[in-house]
J.: 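I have a structure here, written as structure tokens, and I will follow up with some questions on it.
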Amino acid sequence: ASGMSPAGGTGFHWLWFVALAAFGLLFVVYGPSLSGPFVLDDLYLPFSNPQFAGQPLRAWVMGVRPLLMLSYWINFGMVGQEPYLYHVFNVLFHFAAGMFLWVIVRRLLARVDTPDAKATWIATFCAAVFLFHPLHTEAVAYVASRSENLTVMFLYASMALFVSRRSES
């Protein structure tokens, strides 16, 4: 399970194509939400509060969930209160989580000696189900649910790192 190539070769160019296609398809699937306004809990986030929005980075990240608040601060610094880029960030975080899930499944299957091609197809299927399952619609389309996207992304990133270590010791 060294090359992680579906056909036993050294490259896996078709995987890059599949990942890019999934990335593009995510923007098609979530396209209607990208141009949506801030709604419900979004209206109570720091960027919506004129007294807080102009505060320096330190004020944004001093409370709970500093990475979440950092992501909102970055969005606010880039586009102010224009919701499009906030939604795009959610799609990007969701896509990253899907790619980390692919690594997790692929590495776990390699550990149980699943043939490369089969393991790659199974991992690709699992990542696709994760990326396009309707269960994730709220977390991806709703700006205030970014905390869920970030939680899953960092959880999967840490798991991918764990299962990718070189030795069992």
Side-chain angles (χ1 to χ4, degrees), residues 4 6 12-57 59-61 63-108 119-161:
M4 290 201 310
F12 50 103
H13 296 103
W14 75 272
L15 286 174
W16 285 109
F17 173 77
V18 170
L20 286 173
F23 183 72
L25 190 55
L26 273 178
F27 281 92
V28 171
V29 169
Y30 289 106
S33 72
L34 295 177
S35 59
F38 294 122
V39 295
L40 304 171
D41 290 346
D42 297 344
L43 303 174
Y44 300 102
L45 293 170
F47 53 79
S48 296
N49 180 343
Q51 286 95 24
F52 189 80
Q55 295 294 316
L57 173 61
W60 284 68
V61 299
V64 296
R65 300 191 249 181
L67 292 176
L68 172 65
M69 299 311 289
L70 175 64
S71 75
Y72 288 142
W73 180 80
I74 291 169
N75 277 148
F76 185 77
M78 294 173 79
V79 295
Q81 292 187 352
E82 171 58 40
Y84 180 80
L85 195 60
Y86 291 83
H87 292 295
V88 169
F89 269 48
N90 282 7
V91 174
L92 294 174
F93 293 140
H94 183 63
F95 178 74
M99 296 304 97
F100 288 129
L101 177 63
W102 184 91
V103 170
I104 294 165
V105 173
R106 182 64 183 82
R107 297 290 181 171
L108 288 175
T120 300
W121 282 109
I122 292 170
T124 303
F125 176 77
C126 290
V129 168
F130 172 82
L131 287 171
F132 298 106
H133 198 284
L135 179 68
H136 300 291
T137 300
E138 181 181 334
V140 178
Y142 186 35
V143 174
S145 290
R146 181 176 294 177
S147 58
E148 296 170 22
N149 276 327
L150 286 173
T151 299
V152 171
M153 184 188 74
F154 284 122
L155 172 70
Y156 285 178
S158 65
M159 290 175 67
L161 185 62

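Just so we're clear, the structure is a prediction, and the values are computed from it rather than from any experiment.
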J.: As an exercise, state the distance from CG of Leu68 to CG of Leu150, rounded to the nearest 0.5 Å.
T.: 6.0 Å
J.: State, with a plain yes or no, whether a side-chain heavy atom of Phe125 is found less than 4.5 Å away from one of Val105.
T.: no
J.: Over all heavy atoms of both residues, which pair between Ala97 and Met153 is shortest? Give the atoms and the distance, please.
T.: CB-CA, 3.8 Å
J.: Heavy atoms, side chains only, cut-off 4.5 Å: are Met78 and Phe89 in contact?
T.: yes
J.: Give me the atom names and distance for the closest heavy-atom approach of Gln81 to Ser48.
T.: NE2-CA, 3.6 Å
J.: Could you state the interatomic distance from CG (Asp42) to OG (Ser145), rounded to the nearest 0.5 Å?
T.: 8.0 Å
J.: If every non-hydrogen atom of Gly98 is compared with every non-hydrogen atom of Ala127, which pair is closest and at what distance?
T.: O-CB, 3.6 Å
J.: Does a side-chain heavy-atom distance below 4.5 Å link Val79 with Tyr84?
T.: no
J.: Say you draw a straight line from NE2 of His94 to CZ of Arg146; how long is it, rounded to the nearest 0.5 Å?
T.: 14.0 Å
J.: Roughly how far, to the nearest 0.5 Å, is the CD atom of Glu138 from the OG atom of Ser33?
T.: 12.0 Å
J.: For Met159 and Ile104, which heavy atoms make the closest approach, and how far apart are they?
T.: CB-CD1, 3.5 Å
J.: Please tell me if the side chains of Phe95 and Met99 come closer than 4.5 Å, counting only heavy atoms from C-beta onward.
T.: yes
J.: Determine whether the aromatic ring centres of Phe76 and Tyr86 lie less than 6.0 Å apart.
T.: no
J.: Specify whether Phe38 and Phe47 have parallel, tilted or perpendicular ring planes, treating 30° as the upper limit for parallel and 60° as the lower limit for perpendicular.
T.: tilted
J.: If you take all heavy atoms of Gln51 and Gln55, which pair is closest and at what distance?
T.: O-NE2, 3.3 Å
J.: Hey, are the side chains of Phe27 and Val88 touching, using non-hydrogen atoms and a 4.5 Å cut-off?
T.: yes
J.: Starting at CZ of Phe100, measure out to CG of Leu161 and round the result to the nearest 0.5 Å.
T.: 9.0 Å
J.: Taking side chain as C-beta onward, heavy atoms only, is Tyr142 less than 4.5 Å from Leu40?
T.: yes
J.: Has His136 got a side-chain atom pairing as donor or acceptor with Leu131's backbone, closer than 3.5 angstrom?
T.: no
J.: Is the centre of the Trp121 ring less than 6.0 Å from the centre of the Trp102 ring?
T.: no
J.: Looking at Ala139, is its backbone amide N or carbonyl O close enough to the side chain of Asn149 to form a donor-acceptor pair, meaning the two atoms are under 3.5 Å apart?
T.: yes
J.: List the steps and the verdict of side chain to side chain contact (heavy atoms under 4.5 Å, CB included) for Trp73 and Val61.
T.: CA-CA 9 Å; Trp73 180 80; Val61 299; 5.9 Å; no
J.: For residues Leu70 and Trp60, determine if any side-chain heavy atom of one lies less than 4.5 Å from a side-chain heavy atom of the other.
T.: no
J.: How close do Arg106 and Thr120 get, heavy atom to heavy atom, and via which atoms?
T.: NE-OG1, 3.0 Å
J.: Under the side chain to side chain contact (heavy atoms under 4.5 Å, CB included) rule, what do Phe93 and Val152 come out as? Steps first, then yes or no, please.
T.: CA-CA 9 Å; Phe93 293 140; Val152 171; over 6 Å; no
J.: At what distance, to the nearest 0.5 angstrom, does CE of Met69 lie from CG of Leu67?
T.: 11.5 Å
J.: If you take the centroid of each ring, where Trp contributes its six-membered ring, are Phe130 and Tyr156 closer together than 6.0 Å?
T.: yes
